[in-house]
Amino acid sequence: MIILRNRLLERGVYMNIVEVIRLTKSYENFIAVDNIDFTIEKGEVFGFLGPNGAGKTSTINMLTGLSKVTGGNINISGIDGVKDIKKAQSIMGIIPDESNLYSEMNGFENLCFCASLYGMEKEEREKRAKELLKQFGLDNTGKKPFKAYSKGMKRKLTIAAGIIHDPKILFLDEPTTGIDVESARQIRELIVDLNKKGTTIFITTHYIEEAERLCDRIAFIVKGKIVQVGKTDELMKGVQRDKIVQFTLDDGILDIKETLQKDFSHYKFEIINDNIIRIKSKENISLTPIMKYFDEKGLSVYEAKVIRPSLEDVFVKITGIEVSKMNKKGGKK
Amino acid sequence: MKSWIAFWNILKKDMKNYYLKPPNISWGIIFPVAWTLMFFIKSESTLGIRDILPGVMAMSILFGTTSMLAVTITFERKSCSFERLLLAPISLNVLMLSKTTGAILFGIVNAFIPVIFASFIISLSGINWFIVFAGVLLIAITSTFLGLFIAVSVNEVFEAQTFSNFFRFPMIFLCGLFIPIQSLPIIIRPLSYILPLTYGADILKETISGVGDIPIWTDFLALIVFGIILFSISVKNIKEKWIY
Ligand SMILES: Nc1ncnc2c1ncn2[C@@H]1O[C@H](COP(=O)(O)OP(=O)(O)OP(=O)(O)O)[C@@H](O)[C@H]1O
Ligand SMILES: [Mg+2]
């Protein structure tokens, strides 16, 4: 069984690029990661979503060899990630939450240096560094020392440095935290691009929207434990809610609410404000009769949209954590 | 081959970022010059220069190497860029060798600055430069590894500096360079023999001033053993403390 699996691994047939079994990390008496299991499939974007202090960075650090594993097993592309981490590191790209590039060196030098750590030859290094600076829109700043970069530029260069050796799997620790909206969007695009080209991605975040947008599968991690893991769309289906359609109308909804409820007794109505009303139902909502009804009452409909359950609902339901509390920056340096 | 590329580039980066920076170049020159002047002026006759040269060389190496490690290791660790190196697929041994080779070279250069000065004043004939160089190399290696040992035992740059003085100053007095070991009180004499510099100083004294008192092969052997021990303890410490 094991031999067969190893053979499959050697040929790269095996689906999982990362397998984590009963992984635990404790700092003295404090358990930061508590007996977690998960796998990352080749080619997917796998997300770790959790609030500050959940154990996201601790997990990444163990997977990448920056911290010792207290207990459990890690298998990365057929390599024992606990005993043989140096071997596994050559196929990993690692982008830490805080930049670890050299402040005195410029962008180009930083990239070339990082490439050399993976044994790349000079010509190859310089070619790739130039390519990446261009791709990341940093070619104008390639000559500036890293310390003169803005936060967003720093993050981009850190990402460029992490992918310079074309890693098979990329670990990103909160890549969009603390930078402006535009840079964050660009970084998310880059991640999608990389994934399309075949790089497997492991990303941690505490932005639910980001996880929803980027990840094929998501694990919710809270207080060192994975409380739920699954395909993003299945997680959303998991919290089966009523079907909801929301209408935006002229003012005057309040006047018609009662008759509306009488005429369409199989639906539930909820007034959001003066001109927005929601219709809820277990079954599909047929729009024509309702539109007709509004028309008869002399109310124009400006907008009608289906409200879908969001990952946020899923997260709140599963973890019981208020999302507004999650995005606050607490406990960060 | 791949490790070699990484090794060479880490060394090159350190050279460019630290050793060849004006403050360090001037430190590298001024310091040995100051030692040289201090001792040469004090010694009345030119005859004394040759007796004092080994001490000045050894001091230059010791101070040059140990102070550099505080920067290249402790500082990089503080600024997280050391993590970048820990994440690279090169063994910790190769990594630490590449991080220390710069300091070793720096120490060797430092050692020969007083020699150049002395050569203007006195004749340096009859010296086996091959053995001198081998001795200098080994002193540079052991003091660098001593610096490494200190650098990985502390968290702050200033701690590294303080801690190395704790080693450096007693060493000056106990290594037999300025006060012959035989004239030290008997109870502290054993201390001299557990300091690597004692053996390094002996090689230089033997070859330059002809007054060594330990067999030279023992000196070399002792330095090699010290080097290996200090390096392995340091790497072990990194494994245990920095990969937390
Ligand atoms: N070196 C350490 N020593 C002691 N405790 C630590 C250490 N590193 C992390 N912890 C603790 O472990 C827990 C998990 O930390 P971790 O950094 O993994 O969380 P995180 O999910 O990455 O959070 P964030 O969103 O803030 O980055 C926290 O309670 C933290 O205080
Ligand atoms: Mg974190």
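Per chain, numbering begins at 1; letters A, B, ... match sequence-line order.
Within the model, atoms OG of S79(B) and CD of E104(A) stand 9.5 Å from one another, a figure rounded to the nearest 0.5 Å. Annotation: the span from L101(A) atom CG to R84(B) atom CZ amounts to 5.0 Å, rounded to 0.5 Å. L66(A) CG to Y244(B) OH: the interatomic distance, rounded to the nearest 0.5 Å, is 5.0 Å. Between the OG atom in S116(A) and the NZ atom in K12(B) there is a gap of 8.0 Å [rounded to 0.5 Å].
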Could you go step by step and tell me if K13(B) and M105(A) meet the side-chain contact (heavy atoms from CB on, under 4.5 Å) rule?
-> CA-CA 9 Å; K13(B) 175 196 69 80; M105(A) 281 156 58; 3.7 Å; yes
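Between I5(B) and R125(A), the closest side-chain pair of non-hydrogen atoms falls below 4.5 Å.
Looking at L95(B), there are no atoms closer than 4.5 Å to chain A (heavy atoms on both sides), in backbone or side chain. Heavy atoms closer than 4.5 Å to chain B are found in the side chain of K25(A), but not in its backbone. Interface residue W242(B): only backbone heavy atoms are found under 4.5 Å from chain A. Neither the backbone nor the side chain of C112(A) comes within contact range of chain B; no heavy atom of the residue lies under 4.5 Å from a heavy atom of that chain. Contacts between F113(A) and chain B at a heavy-atom distance below 4.5 Å involve the side chain alone, from C-beta outward.
The residues E109(A) and K16(B) are annotated as salt-bridged, a charged nitrogen and a carboxylate oxygen being separated by less than 4.0 angstrom.
A donor-acceptor pair under 3.5 Å links the side-chain atoms of K68(A) to the main chain of E240(B), judged by distance alone.
Interface check for chain A: of the options L86(B), I90(B), L87(B), N17(B), the most heavy-atom pairs under 4.5 Å are formed by L87(B).
Of all residues spanning residues 80-93 of chain A, those with a heavy atom less than 4.5 Å away from chain B's heavy atoms are K86(A), Q89(A), S90(A), arranged by number.
When all heavy atoms of C80(B) and S99(A) are compared, the closest pair comes out as CB-O, 4.4 Å. Across all their heavy atoms, A88(B) and L117(A) have their closest contact at CB-CB, 3.8 Å. Of all the heavy atoms in K2(B) and Y118(A), the pair that sits closest is CD-O, 4.1 Å.
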